[in-house]
Protein chains: 2
Amino acid sequence: MRGNLFAVAVDLVVLTVRDGVLCVLLRERAAPPFAGERALPGGFVRGREDLLDAAGRELLEIGLAIDGHHLEQLASYAAPDRDPRGRVLTVGHLALVPDLPEPPGECIWVPVAEAGTLAFDHTQVLADGVERARAKLEYTTLATAFCPAEFTISQLRRVYEAVWGTCPDPRNFSRKVTSTPGFLVPTGTKVSSGRGRPGQLYRRGPATALHPPMLRDQPSDPPR
Amino acid sequence: MRGNLFAVAVDLVVLTVRDGVLCVLLRERAAPPFAGERALPGGFVRGREDLLDAAGRELLEIGLAIDGHHLEQLASYAAPDRDPRGRVLTVGHLALVPDLPEPPGECIWVPVAEAGTLAFDHTQVLADGVERARAKLEYTTLATAFCPAEFTISQLRRVYEAVWGTCPDPRNFSRKVTSTPGFLVPTGTKVSSGRGRPGQLYRRGPATALHPPMLRDQPSDPPR
DNA sequence: TCAAAAGTGTTTCAATTACACCCATGT
DNA sequence: ACATGGGTGTAATTGAAACACTTTTGA
């Protein structure tokens with residue numbers, strides 16, 4: 001078998017919305033390389049694991065339950081000098097989780113806008129993950145992955161505002177999501193958010209696609 | 001460094017449109033494993049190559065020039081038993097080329113609908129590649145990657161028809177693509193396609209995104 | 001002259017936008 | 001009572017779908 005051998009890692013772009021701000025889960029590296037710098041959580045693929053299994057295990061080790069969370073493969077990165085220890089290919093994964101009371105494991109939540117430069121090529125992996133999340137909010141129902149099991153339309157709208165930085169008119173947004181079949185399932189109960197009229201509670205519906213899509217004001221120009 | 005070692009391969013989903021039919025480039029495997037079966041062209045990553053470099057080299061070895069062709073990473077596949085020789089991770093790539101007079105190299109053009117079951121997990125890789133191409137025609141100008149340097153709107157429309165199986169009304173399609181700034185650049189010359197009124201010739205413009213997108217009648221429901 | 005393909009004009013319809021207005025609740 | 005957020009009604013606007021019709025070529 002020609003070709004050289006690689007260690008294969010999975011790295012996780014775990015995104016959430018905290019207080020209206022899109023945040024990513026980062027870990028400060030204890031050991032070299034890049035000791036002391038911030039990096040995406042991740043680790044090597046073990047034994048007979050498949051990629052998504054390895055990513056799920058890393059989520060578990062961080063302290064996040066697997067099921068109920070969105071987890072998908074992003075892209076692979078294998079520049080020859082990306083890891084000084086040798087040839088390491090990493091498969092970036094995107095995980096979306098609802099707001100959690102405490103940062104899990106040894107990790108910290110950092111606003112995406114303040115993430116700065118990360119270890120390895122994780123700056124690029126993070127950028128790709130955020131762009132993927134932004135794009136998918138347009139044409140899928142993925143925004144619910146940022147919400148707890150039951151949520152109001154306001155909470156869902158705040159997800160769009162945090163991820164996109166903007167969002168359509170609240171009243172039209174409400175109509176759009178409730179009129180898409182299978183997007184939201186009303187629970188029948190209402191909840192008060194402190195002030196104002198209480199909102200209807202919803203769960204995720206079975207729909208995944210959004211037709212027609214939700215429109216951003218100035219969508220970014222993705223590379224072909 | 002924990003974790004086991006992998007051989008890393010790149011496999012290519014090379015798509016083109018021949019006589020109005022979406023075709024994929026396949027190679028019959030000479031050596032085990034899967035000897036005699038059809039597979040996607042590909043090979044192991046060598047030396048200090050990055051992934052896209054390795055995919056470009058494979059394209060060259062097949063006999064296709066690199067530049068001018070669209071080439072992008074698709075996804076990685078690493079199921080533990082996908083290759084009987086051991087742990088091999090493959091990074092699928094998508095390449096789009098215009099119709100070529102002869103099938104390059106040792107390869108054959110096979111209509112995607114007749115590809116059947118391929119070696120390894122290449123059936124899945126092909127399906128993912130086709131789905132990516134279908135999706136990208138909606139919101140990018142990628143269809144021009146299937147066309148030669150100069151082409152008519154009819155040729156471009158036939159790309160949509162081949163890839164999607166359907167396409168909007170020819171007259172509205174014409175308006176849509178010509179009214180999107182930067183999609184098409186008229187060359188000023190006309191060309192006759194045997195019968196009927198000659199059409200205007202165009203080149204690719206600098207635009208990559210399509211806003212608003214081209215709409216399919218029944219878009220497939222992509223996994224979240 | 002006719003068939004075939006390119007391209008324009010125009011009507012119809014669906015969806016988004018914008019915004020006036022009412023509803024329900026906490027203070 | 002009133003501020004605050006939830007939600008409905010509705011007109012204006014935009015863009016796509018549908019299709020009649022003209023233009024330009026080859027046979």
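So you know, we letter chains A, B, ... as the sequences are listed, proteins then strands, and number each from 1. Treat the numbers as computed from the prediction; the structure is a model and nothing was measured.
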> Roughly how many Å is it from CG in A/Leu210 to C1' in C/dA15, rounded to a whole number?
Replying inline: 13 Å

>> Nearest heavy atom decides the nucleotide; on that basis, is A/Ser193 or A/Thr178 closer to the 5' end of DNA chain D?
In response: A/Ser193

>> Do the side chains of B/Glu37 and B/Arg29 get close enough for a salt bridge, i.e. N-O under 4.0 angstrom?
In response: no

>> Measuring centre to centre across the rings, with the benzene-like ring taken for any Trp, is B/Tyr202 within less than 6.0 Å of B/Phe151?
In response: no

> Is there a donor-acceptor pair under 3.5 Å between the side chain of B/Arg216 and the backbone N or O of B/Cys167?
Replying inline: no

> Rounding to a whole Å, what distance do you find between B/Leu184:CG and C/dA6:C1'?
Replying inline: 15 Å

> In whole Å, what is the span from the CG atom of A/Asp169 to the C1' atom of C/dT16?
Replying inline: 11 Å

> Side chains of B/Ser76 and A/Ser76: donor-acceptor distance under 3.5 Å anywhere?
Replying inline: yes

> A/Met214 has an atom CE; how far is it from atom C1' of C/dT17, in whole Å?
Replying inline: 14 Å

>> Considering every strand and a 4.0 Å limit on heavy-atom distances, what is the contact class for A/Pro170: base, sugar-phosphate, or nothing?
In response: nothing

>> If I take atom CG in residue B/Leu215 and atom P in nucleotide C/dA14, what distance separates them, rounded to the nearest angstrom?
In response: 15 Å

> Would you call A/Gln200 and A/Ser174 a side-chain contact if the rule is heavy atoms closer than 4.5 Å?
Replying inline: no

> So which of residues 148-159 of chain B are in contact with DNA chain D, with a heavy-atom cut-off of under 4.0 Å?
Replying inline: none

> Under 3.5 Å, is there a donor-acceptor pair between the A/His122 and A/Gln124 side chains?
Replying inline: no

> Is the shortest side-chain N to carboxylate O distance from A/Arg27 to A/Glu106 below 4.0 Å?
Replying inline: no

> What one-letter contact string describes nucleotides 20-27 of chain D from 5' to 3', where B marks a base within less than 4.0 Å of any protein heavy atom, S marks contact via sugar-phosphate atoms alone, and - marks no contact?
Replying inline: BB-BBBS-

>> With heavy-atom distances below 4.5 Å as the criterion, would you say the side chains of A/Leu40 and A/Leu12 are in contact?
In response: no

> When the C1' atoms of the five terminal pairs at each end define the local axes, what inter-axis angle does the helix from C/dT1-D/dA27 to C/dT27-D/dA1 show, to 10 degrees?
Replying inline: 0°

> Do A/Tyr77 and B/Asp50 have a side chain donor and acceptor closer than 3.5 Å?
Replying inline: no

>> Strictly distance-based, threshold 3.5 Å: is any side-chain N or O of A/Arg132 a donor or acceptor partner for the main-chain N or O of A/Gln73?
In response: yes

>> Can you confirm whether the side chains of B/Asp11 and B/Thr90 place a donor and an acceptor under 3.5 Å from each other?
In response: yes

> What is the distance from CZ of B/Arg175 to P of D/dA17, rounded to the nearest Å?
Replying inline: 11 Å

> Once you round it to whole Å, what is the distance between C1' of C/dA6 and CZ of B/Phe173?
Replying inline: 14 Å

>> Rounded to whole Å, please give me the gap between CG in B/Asn172 and C1' in C/dT11.
In response: 12 Å

